Amino acid sequence: PPKGQSGCLAECENRAKRVECDAPLCKAGEQCGNRAIQNNTAIKIAITEGFGVSIVVATEDIPSGVFLGQYTGQVLANKELEKRIGKEYTKKQKLHVLPLNQDLVVDASIKGSICRLASHSCSPNAEVVAWKVGGLDCLAMYSIKDIKANESITFDQSPQFQLLKTSKRCTCGARSCQKILGGLANASGPLMCGVCRTKVVEGGTTGQVCLHPALATPVCGECLEQYRQVDWAWKLMTTKTPGKEGACRWCTKTGKMVNCSDCPKSFCKKCLKINLGGNYIKLAETGSWTCLVCDTRPLDKIRAVLWAEGEEAKTETAGGDLNQSVGSIMSDSGHLLNPGISSPGITRITRPPGQIHSPGVRGSPQTGPRGSPQMIPRPMGGIRQTRPGALRGGLGPRFPGPRGNSPRTPSGLSRPGGQRAGTPFPLRPAVSPRLLGQSNVTIEKVARQSPGPAVQQARSGQTEAIINQLQRYSGLSIQPISESVSHLDGIVKEVEAAHRILQEACNEARRISKEEGLVKSKERIGEGVKAARAKLAYVESRL
């Protein structure tokens with residue numbers, strides 16, 4: 001490289017293989033930039049205390065692809081680690097263990113570099129990878145995103161749980177969160193593999209299931225082994241679609257594919273239809289689609305039946321959703337009112353036969369005719385039950401009768417706060433004087449209004465809510481038909497951008513050929529063609 005510039009950067013073959021250059025053999029000599037561990041490069045991270053926990057943060061703005069530090073610890077064999085966990089480590093001991101290769105691990109539980117204290121995230125800004133340095137394996141932490149100063153350093157810690165053959169619930173909150181870290185989870189049957197649809201847990205039993213490495217969904221042992229044998233880097237290099245892997249990330253097979261707009265991953269329509277339904281495929285084919293690795297929220301229903309080690313088993317009970325929906329209703333005394341779960345703050349009175357009892361009204365049990373002063377209801381905040389027979393006081397719960405002197409309350413007695421007895425909140429006033437099931441029935445006839453001129457209505461709130469939910473949980477960009485013109489404009493702009501990239505590459509290539517030679521000129525043209533091809537591939541996916 002020229003004087004004052006570093007060599008062995010992105011074009012270095014050793015760097016691509018994650019092997020540091022040897023000083024005597026490297027052509028760049030002292031200007032080699034691929035010896036970060038050998039040169040003891042100063043780390044750019046530090047420890048700070050936050051909320052009583054040590055947090056690793058960046059000390060300066062760090063671009064992507066920069067060496068952050070070496071992940072150090074005690075190098076042990078796998079069997080030695082198992083003995084140490086069984087004899088020396090207690091259950092409260094916090095483990096920091098990462099695999100180094102097939103036979104060795106790095107145990108930083110007792111001592112090691114500060115890289116071990118970095119937090120976990122399913123969408124991390126750094127990664128810990130194995131490098132060859134002088135013929136030996138080492139673990140190094142590199143940034144994979146642009147990191148700002150004082151920003152927390154995070155990396156994916158799922159290899160640690162896979163090594164320890166355990167699992168843990170993840171609460172990082174990222175769009176790509178896997179929910180359960182590790183290669184195993186517990187589940188209740190019946191449960192089938194998401195690839196070949198074979199039963200992995202029989203009905204009525206509880207057992208462990210293997211998790212898909214990329215999706216954290218149930219998978220059988222054969223499909224898991226088939227996924228581990230695939231070289232995805234080779235798939236990306238040999239695919240027919242530029243910039244896309246061309247094979248399904250769920251079943252590793254090829255076929256009718258749907259490509260992600262944010263990453264090179266692809267999924268086949270068969271896997272999407274079997275696991276998420278045919279409607280999801282229609283949504284995926286409309287507009288730009290975000291894959292199930294970048295946005296895992298469509299998989300939440302599949303993962304809902306799984307639980308990590310140490311968690312209680314999840315069982316589906318009848319009326320569970322109803323209990324959750326009304327769980328926020330509280331009584332006047334502050335106790336939770338739930339029709340499916342008895343609350344200790346509510347005393348249920350059993351009345352003997354012969355006594356009059358109004359369902360849903362809490363009051364002292366007194367005998368006597370209905371509406372007598374001895375049976376004045378007290379609003380205690382219960383759940384109003386449906387009275388058998390004809391409805392009284394209105395057309396139903398949505399159209400209650402007028403307030404004031406109703407047949408249930410004696411004349412001259414008013415309800416406190418304008419509430420109906422037994423309800424924790426006031427109901428809206430009546431909209432019609434119709435009183436069914438009583439004497440002196442009055443029915444008003446309202447003339448139908450003549451239809452006015454047709455006016456184009458704006459999109460209703462319910463439609464907006466549905467579209468927002470679809471975009472939120474499926475990762476799709478949904479646009480009405482009226483916005484197809486703007487969609488076309490965006491495609492045209494992308495094509496024009498590709499044209500400008502090629503034109504600029506040609507102009508610079510002519511200039512470079514005169515100053516630096518044909519080799520650099522060809523490299524510049526190749527870069528321009530590659531960038532323009534990515535633009536055109538994106539345009540093709542949107543057509």
Side-chain angles (χ1 to χ4, degrees), residues 122 175-176 178-179 183 190-201 209-306 470-471 473-479 487 491 494 530 533-543:
C122 293
R175 290 180 60 191
S176 57
Q178 293 191 353
K179 305 301 182 184
L191 192 64
M192 294 185 294
C193 172
V195 178
C196 61
R197 308 307 293 174
T198 58
K199 279 190 177 181
V200 292
V201 180
V209 295
C210 298
L211 296 182
H212 196 282
L215 305 175
T217 54
V219 65
C220 65
E222 296 181 2
C223 296
L224 178 61
E225 187 63 27
Q226 182 179 359
Y227 181 90
R228 289 175 175 172
Q229 294 177 358
V230 177
D231 187 354
W232 294 103
W234 176 255
K235 288 278 187 183
L236 184 61
M237 294 173 58
T238 59
T239 182
K240 296 181 180 179
T241 305
K244 301 298 177 184
E245 294 174 344
C248 179
R249 271 284 178 164
W250 209 320
C251 65
T252 71
K253 298 179 182 178
T254 58
K256 296 182 179 180
M257 312 300 294
V258 182
N259 299 321
C260 178
S261 60
D262 295 340
C263 71
K265 297 178 180 61
S266 306
F267 284 80
C268 68
K269 295 183 179 180
K270 180 180 178 181
C271 289
L272 297 179
K273 182 178 181 180
I274 291 176
N275 294 278
L276 300 177
N279 292 332
Y280 182 80
I281 298 179
K282 296 179 181 178
L283 294 175
E285 293 176 341
T286 306
S288 58
W289 176 67
T290 305
C291 71
L292 300 175
V293 178
C294 298
D295 188 356
T296 62
R297 288 175 293 183
L299 300 174
D300 288 347
K301 187 175 181 180
I302 301 177
R303 299 169 175 171
V305 298
L306 305 175
L470 290 175
Q471 294 183 146
Y473 292 107
S474 63
L476 301 178
S477 176
I478 302 176
Q479 298 179 351
H487 177 71
I491 294 177
E494 294 292 337
K530 186 176 181 181
R533 185 181 296 171
K535 288 280 186 183
L536 294 177
Y538 174 68
V539 170
E540 186 179 2
S541 65
R542 298 185 63 184
L543 292 177

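The shown structure was predicted, so the numbers you read here are calculated from the model rather than taken from an experiment. Heads up: numbering here begins at 1 and tracks the sequence.
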Exercise for the section: Hey, could you give me the NZ/NZ distance between Lys273 and Lys256, rounded to the nearest 0.5 Å? Expected result: 10.0 Å
Fill in the blank from the handout: dist Gln178:CD -> Arg303:CZ (nearest 0.5 Å) comes out at 6.5 Å
On a heavy-atom basis, which atom in [X] and which in [Y] lie closest, and how many Å separate them?
X      : Y      : result
Thr296 : Val293 : CG2-O, 3.9 Å
Gly246 : Thr239 : CA-OG1, 3.6 Å
Pro264 : Gly243 : CB-O, 3.3 Å
Tyr280 : Trp289 : OH-NE1, 3.0 Å
Pro242 : Arg533 : CB-CD, 3.8 Å

Practice task
Check whether any side-chain heavy atom of Leu215 lies under 4.5 Å from a side-chain heavy atom of Ile302, and answer yes or no.
Solution key: no
Problem - Sub-4.5 Å side-chain heavy-atom contact between Leu306 and Leu191 - result: yes
Handout entry: Side-chain (Lys244) to main-chain (Cys263) donor-acceptor, under 3.5 angstrom
Key = yes
Exercise for the section: Walk me through it: do Asn275 and Leu299 pass the test side-chain contact (heavy atoms from CB on, under 4.5 Å)? Expected result: CA-CA 9 Å; Asn275 294 278; Leu299 300 174; 6.0 Å; no
Problem - Results of salt bridge (charged side-chain N to carboxylate O under 4.0 Å, His left out) for Lys535 - residues two or more places apart only - result: Glu494
Practice task
Any side chain to side chain donor-acceptor pair (under 3.5 Å) involving residues 259-269? Give me the pairs, sequence neighbours left out, ordered by first then second residue.
Solution key: Asn259-Ser266, Lys269-Glu285
Run the side-chain donor-acceptor check on residues 216-236: report pairs under 3.5 Å with partners two or more places apart or on a different chain.
| from | atom 1 | to | atom 2 | distance (Å) |
| --- | --- | --- | --- | --- |
| Gln226 | NE2 | Thr252 | OG1 | 3.4 |
| Tyr227 | OH | Arg249 | NH1 | 2.8 |
| Asp231 | OD1 | Ala233 | N | 3.3 |

Exercise for the section: Applying side-chain contact (heavy atoms from CB on, under 4.5 Å), run through Arg175 and Thr290 and close with a yes or a no. Expected result: CA-CA 11 Å; Arg175 290 180 60 191; Thr290 305; 4.0 Å; yes
